[in-house]
Amino acid sequence: MNSIYSELILEHNKSKHNKRELDHPDHVERGHNPNCGDDLTLQLIVKDNIIVDAGYIGSGCAISQASMSIMIDMVKGETVAFAKEKADIFFRMIRGESLTEEELESLEDAIAFESLNRMPARAKCGTLGWHCLEESLK
Amino acid sequence: MLYRDYFPLLKHHPEIIYLDNAATSQKPESVINEIVHYYEEHNGSPHRGAHILSVRSTEIYERGRDAVRDFIHANRSEEIIFTRNATESLNLIAYGYVMHEIKSHQNIVLSITNHHSNILPFQQLKHLGFELRYLYCDETGQFLDSELDKIDENTFLVSLPIISNGIGVIHDVKSVFDKADAVGAIKLLDAAQGVGHMEVDVQALNADLLVFSGHKMFGPQGIGVLYGRYELLDTFHPFLTGGDMIEYVTEQTSSFAPLPERLEAGTQNVEGVLGLTKAIEFIEEIGLKNIHAVEAELTTYAYEKMKSDDAIEIYGPTELNHRGALITFNLKEVHPHDVASILDSHHIAIRAGHHCCQPLMHHLNLQSTCRVSFSVFNTRDDIDKLYNAINEVKKVFYE
Ligand SMILES: Cc1ncc(COP(=O)(O)O)c(C=O)c1O
């Protein structure tokens with residue numbers, strides 16, 4: 001099981017390169033898991049349907065922060081439609097639905113969270129950032 | 001025989017180190033077997049019908065009431081009301097009594113260490129206009145003397161836990177209840193973390209009302225107790241109405257049965273009461289003194305071990321005679337849920353989170369914590385394994 005605490009997740013958890021406050025974000029979405037105390041806020045700047053900048057602030061467990069950070073790396077510079085598609089695939093992976101090979105590969109580093117579909121107690125940590133993203137782009 | 005051998009779950013899962021006893025205890029074989037036996041031999045609807053099975057289940061149910069009465073040293077069986085759990089008992093107090101009796105100029109004084117179940121039922125009645133006050137504690141869980149001044153002539157009810165599930169402090173109930181007596185307030189004690197770990201004697205504790213859950217004291221889930229001093233309990237209004245709690249029912253009005261039936265509507269949980277009865281027998285067979293000795297020794301051992309580690313921050317009492325059999329802590333820089341998940345991968349079950357004590361956590365400026373809680377079947381070896389696994393968590397996060 002320590003697999004979920006892989007190098008990748010720990011590296012994101014430590015490096016915090018996406019943990020920063022944006023100057024004038026046009027989307028701010030706070031996500032909260034009252035049971036764990038995860039409390040992360042995603043900030044986005046979207047121009048002409050492109051996510052030109054993204055960052056997050058707050059506190060949370062390694063899984064919630066790493067998942068948020070990996071997500072930001074993935075969607076920054078991409079279109080809103082691309083981000084929405086990735087969110088959809090990510091949620092389906094966490095729900096344990098079967099994905100096509102291409103879908104799975106398209107999640108890139110976020111595949112590291114696949115085992116959360118067998119860890120119901122932690123699934124909410126892994127999806128917190130993605131929920132913020134989904135709400136922001138509604 | 002090792003204490004561990006009494007618990008089938010621990011036999012079936014020799015790898016599991018169960019350190020979440022404050023959340024729910026494991027069940028001894030005698031409790032499990034008796035419940036199976038009940039359904040194979042005696043099952044009937046209690047208090048209804050003249051046939052032999054109904055008579056037997058009524059006997060079993062009422063014998064359980066007597067067993068609880070003796071266990072907590074109540075005067076009369078009618079002072080024992082069966083509920084689902086401590087939470088339901090507390091709601092029964094709020095909706096069956098406080099809601100009908102409290103005046104808008106009065107106040108209710110709660111300990112900041114209260115479990116949510118000992119806060120929300122009163123908060124839900126705030127529209128009645130009364131004030132909710134809190135007794136604040138220092139970081140070791142002690143109330144400052146001046147806090148007790150919040151209990152005044154307008155105090156309707158005072159409520160606190162005998163042991164805090166959040167930080168493990170054993171409260172000085174006497175000083176709080178003496179103050180309540182001086183102003184004539186009702187004294188409510190949440191004994192959920194006390195029963196099965198220490199002597200809980202409603203007379204010695206001078207409680208008017210006392211609640212606990214069976215599942216934290218080796219009994220099954222779904223059975224709880226409300227104790228009330230008879231004269232007080234007899235003024236309670238029913239919170240649930242329906243079958244079994246009535247005297248006469250007509251189309252437009254009804255009259256209610258006397259205590260205890262009046263507060264126990266519907267077909268009751270005979271299996272739960274029977275399991276609770278066997279749990280009491282189990283506790284008495286081992287002896288509260290022995291249980292306490294084992295738990296205190298383990299708590300001291302674990303506390304000293306963890307305290308000597310700079311990476312571990314322990315919360316709550318520093319004097320161990322003020323501490324129940326649980327330790328809340330954090331591993332620096334690591335979120336409690338990450339600690340708990342990694343310990344789980346080493347088959348060590350602990351609790352992480354706010355422990356249903358958000359106001360306390362806020363007061364102590366904590367987000368969430370890890371908690372280990374012990375029972376009579378735990379051993380020093382369990383604690384050594386816990387500590388080794390904590391070192392594994394450190395490896396994952398610190399290296
Ligand atoms: C001190 C305290 N009070 C009340 C409760 C509520 O118990 P239950 O959930 O069984 O109703 C608990 C359980 O967590 C507790 O620790």
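Excluded from the calculations below are hydrogen atoms, water molecules and symmetry mates; all remaining heavy atoms, backbone and side chain alike, are included. Bear in mind the structure is a predicted one, so any value in this text is a computation, not a measurement. Here is how names work: the chains are called A, B, and so on, in the same order as the sequence lines, proteins then strands, and each is numbered from 1.
- Closest approach of G60(A) to H335(B), counting heavy atoms only: C-CD2, 3.5 Å.
- For residues 61-69 of chain A, the interface with chain B (any heavy-atom pair closer than 4.5 Å) comprises C61(A), A62(A), I63(A), sorted by residue number.
- Other residues, nucleotides and ligands place more than 12 heavy atoms under 6.0 Å from the CD atom of E135(A).
- Within the 4.5 angstrom heavy-atom criterion, no atom of D39(A) approaches chain B.
- Open room surrounds CZ on R84(B); 12 or fewer heavy atoms of other groups in view lie less than 6.0 Å from it.
- Shown here is E333(B), whose CD atom has no more than 12 heavy atoms of other residues, nucleotides or ligands within 6.0 Å.
- Enclosure of atom CG in D48(A) is not indicated, since only 12 or fewer non-hydrogen atoms of other residues, nucleotides or ligands lie within 6.0 angstrom.
- Separating the OH atom in Y5(A) from the OG atom in S345(B) is a distance of 8.5 Å, to the nearest 0.5 Å.
- The neighbour count for H24(A) NE2, taken as heavy atoms of other residues, nucleotides or ligands under 6.0 Å away, does not exceed 12.
- Atom NZ of K27(B) is surrounded by more than 12 heavy atoms from other residues, nucleotides or ligands within 6.0 Å.
- To the nearest 0.5 Å, atom OG of residue S368(B) and atom CG of residue D38(A) are 8.0 Å apart.
- With respect to the salt-bridge test (charged N to carboxylate O, under 4.0 angstrom), the residues R122(A) and D338(B) qualify.
- Considering all non-hydrogen atoms of both residues, F397(B) and K14(A) come closest at O-CE, 3.1 Å.
- More than 12 heavy atoms of other residues, nucleotides or ligands shown are found within 6.0 angstrom of NZ on K332(B).
- Distance check: H337(B) NE2 to C125(A) SG gives 6.5 Å after rounding to the nearest 0.5 Å.
- Applying a 4.5 Å heavy-atom cutoff, the residues of residues 350-363 of chain B that approach chain A are G353(B), H354(B), Q358(B).
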